[in-house]
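First comes the structure, then the notes that go with it.
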Amino acid sequence: MSVELKRSGAPLGHEIRGVDIATGVSDADFAQIENALNEYGVVFIRDQHLSPEQHIAFSRRFGELESYPVGKFILPGHNEILVVSNIMEDGKPIGLVDAGRNWHSDMTFVEKPPRCSLLYSLEVPHQGGRAIGDTQFVSTSAAWDGLPDDMKQRLAQLKALNSFRTYSGKKSDGREDDGKAMPDVVHPLVRTHPFSGRKCLYLSESVTVKIGDLDESGTASLIAQLIGHITRPEYSYRHNWRVGDLVIWDNCSSMHKAVFDYALPLRRRMHRTTVSGTRPY
Ligand code: SIN
């Protein structure tokens, strides 16, 4: 089998073709997938048929797996899989309903945030004959490259405080208890990609609560300015899901946001694995 890259036209969001994960991916093919992820930040593979075990085993080739702090949405029997879904069973959500409502990189609120995440689609909502419930992605490395030099110099000096407690306090799904014990963490606002060496803007809406010595409103306005820049169309890719897609994103060189344009009875169900990372620098 030989791996082919079909480019999206954006800096990220390229399709990898010629891979059937369930029947096995050679080391040489895996190296090409991993290199593409390191270089572009978001890649995807369509038409996969993955059991939870196969999803976990493929994800482990990128590194150790983590459990999401919201233990109640873990797939029963599979600690490594977070269920992302709007489906209710017996009056209770089977998954994290509002994952990705804001622009974010996964788990910026931990000391060693995840290297990458692998989201596999099992049910995709449709309306008027087209899939809805897309995920938007942006390249934080391309966005960094596009900043003027004086802005780069200013931002490169800054540290940002990231708080799961603040974030969970803003949620409506009872996440507060899970977050209470998690201390706030400080990360550089501009981090270096551990594999490519590229500089990347590093923040998450609702999680990054203080930047440098700015007060609350100064922080909020810098975040709004940065998000406005990062989400410019030239740094963006929007994934329109099909059942069987596996989208892999790098949590240093990309950010993402889910589009909530669907509601029950339209069902959306995804499984996410999260690969451990290193302390940002
Ligand atoms: C996530 O942010 O992990 C999920 C994104 C999505 O559901 O599209």
Side-chain angles (χ1 to χ4, degrees), residues 42 44 50 52 55-56 59 65-110 113-114 116-128 130-138 162-182 204-209 227 231 238-249 251 254-274:
V42 178
F44 65 92
L50 298 179
H55 183 184
I56 290 168
S59 305
L65 300 190
E66 309 212 333
S67 270
Y68 195 75
V70 191
K72 64 186 168 179
F73 298 129
I74 294 307
L75 185 69
H78 298 90
N79 277 344
E80 303 86 348
I81 291 186
L82 169 72
V83 180
V84 175
S85 182
N86 67 336
I87 298 171
M88 308 284 283
E89 273 172 12
D90 302 324
K92 291 189 190 136
I94 64 160
L96 198 51
V97 182
D98 57 356
R101 206 169 267 282
N102 300 300
W103 281 107
H104 71 287
S105 159
D106 291 335
M107 296 165 65
T108 46
F109 45 74
V110 297
C116 60
S117 306
L118 295 89
L119 191 64
Y120 176 59
S121 64
L122 294 144
E123 293 184 63
V124 175
H126 281 75
Q127 199 161 50
R130 67 172 282 276
I132 53 176
D134 293 355
T135 309
Q136 298 171 278
F137 293 94
V138 287
N162 293 271
S163 172
F164 186 80
R165 277 182 303 169
T166 308
Y167 170 60
S168 60
K170 289 177 186 163
K171 309 291 293 184
S172 55
D173 64 0
R175 235 187 265 188
E176 296 90 299
D177 292 338
D178 295 298
K180 262 186 191 139
M182 201 175 291
S204 284
E205 274 184 314
S206 302
V207 173
T208 305
V209 290
I227 297 290
T231 56
R238 180 167 172 145
H239 190 74
N240 185 236
W241 290 91
R242 289 190 210 156
V243 169
D245 285 356
L246 181 74
V247 177
I248 312 171
W249 62 79
N251 282 303
S254 74
M255 287 167 75
H256 57 283
K257 180 178 176 174
V259 178
F260 286 88
D261 56 356
Y262 61 93
L264 286 174
L266 302 179
R267 293 161 60 104
R268 188 177 189 266
R269 183 164 60 99
M270 314 253 167
H271 283 175
R272 192 183 99 187
T273 51
T274 310

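Numbers here simply count residues along the sequence, with the first being 1.
- Scanning both residues, Ser105 and Ser204, for their nearest heavy atoms gives N-OG, 3.0 Å.
- Shown here for Leu266 and His126, the closest heavy-atom pair between the two residues is CD2-O, 3.6 Å.
- Between Asn79 and Ser67 the shortest heavy-atom distance is O-OG, 2.8 Å.
- At least one side-chain heavy atom of Ile81 sits less than 4.5 Å from a side-chain heavy atom of Pro52.
- Between the NE2 atom in His256 and the OG1 atom in Thr135 there is a gap of 7.5 Å [rounded to 0.5 Å].
- With Asn86 contributing its side chain and Ala263 its backbone, the two residues share no donor-acceptor pair below 3.5 Å.
- Judged by distance alone, the side chain of Glu205 and the main-chain N or O of Trp103 form a donor-acceptor pair under 3.5 Å.
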* To do: Take Met88 and Leu264 through the side-chain contact (heavy atoms from CB on, under 4.5 Å) test and state the conclusion after the steps.
  => CA-CA 9 Å; Met88 308 284 283; Leu264 286 174; 3.8 Å; yes
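- In this structure, CG on Leu50 lies 11.0 Å from NE2 on His271, to the nearest 0.5 angstrom.
- When all heavy atoms of Met255 and Ile227 are compared, the closest pair comes out as CE-CD1, 3.7 Å.
- Residues Ala99 and Leu96 come closest through the heavy atom pair CB-CD2, 3.8 Å.
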* To do: Using the side-chain contact (heavy atoms from CB on, under 4.5 Å) rule, take Ile132 and Arg268 through it: C-alpha gap first, then chi angles, then the decisive distance, then the call.
  => CA-CA 9 Å; Ile132 53 176; Arg268 188 177 189 266; over 6 Å; no
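- Ring geometry for Phe260 against Tyr262 counts as parallel: the plane angle stays under 30°, on a 0 to 90° scale with 60° as the upper cut.
- Between the side chain of Thr274 and the backbone N or O of Glu66 there is no donor-acceptor pair closer than 3.5 Å.
- In plain terms, the two heavy atoms of Asn162 and Thr108 that are nearest each other are CB-O, 3.4 Å.
- Under the 3.5 Å distance criterion, the side-chain polar atoms of Asp261 are left unmatched by any main-chain donor or acceptor of Asp134.
- Judged purely by atom type and a 3.5 angstrom limit, Ser206 has no side-chain atom pairing as donor or acceptor with the backbone of Tyr167.
- The backbone N or O of Leu118 sits less than 3.5 Å from a side-chain atom of His55, completing a donor-acceptor pair.
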* To do: Take Thr231 and Lys257, measure what side-chain contact (heavy atoms from CB on, under 4.5 Å) needs, and give me the verdict at the end.
  => CA-CA 10 Å; Thr231 56; Lys257 180 178 176 174; over 6 Å; no
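- Rounded to the nearest 0.5 Å, atoms CZ (Arg269) and CD1 (Ile94) are 6.0 Å apart.
- Using the six-membered ring where Trp is involved, Phe137 and Trp249 have ring planes that are tilted, between 30° and 60° apart.
- Atom CG of residue Leu82 and atom CG of residue Leu65 lie 12.5 Å apart, to the nearest 0.5 angstrom.
- For the atom pair CD (Gln136) and NE2 (His239), the distance works out to 13.0 Å, reported to the nearest 0.5 Å.
- Of the possible polar contacts, one joining the Asn240 side chain to the Ala131 backbone as a donor-acceptor pair under 3.5 Å is found.
- Distance CZ/Phe73 to CZ/Arg272: 13.0 Å, rounded to 0.5 Å.
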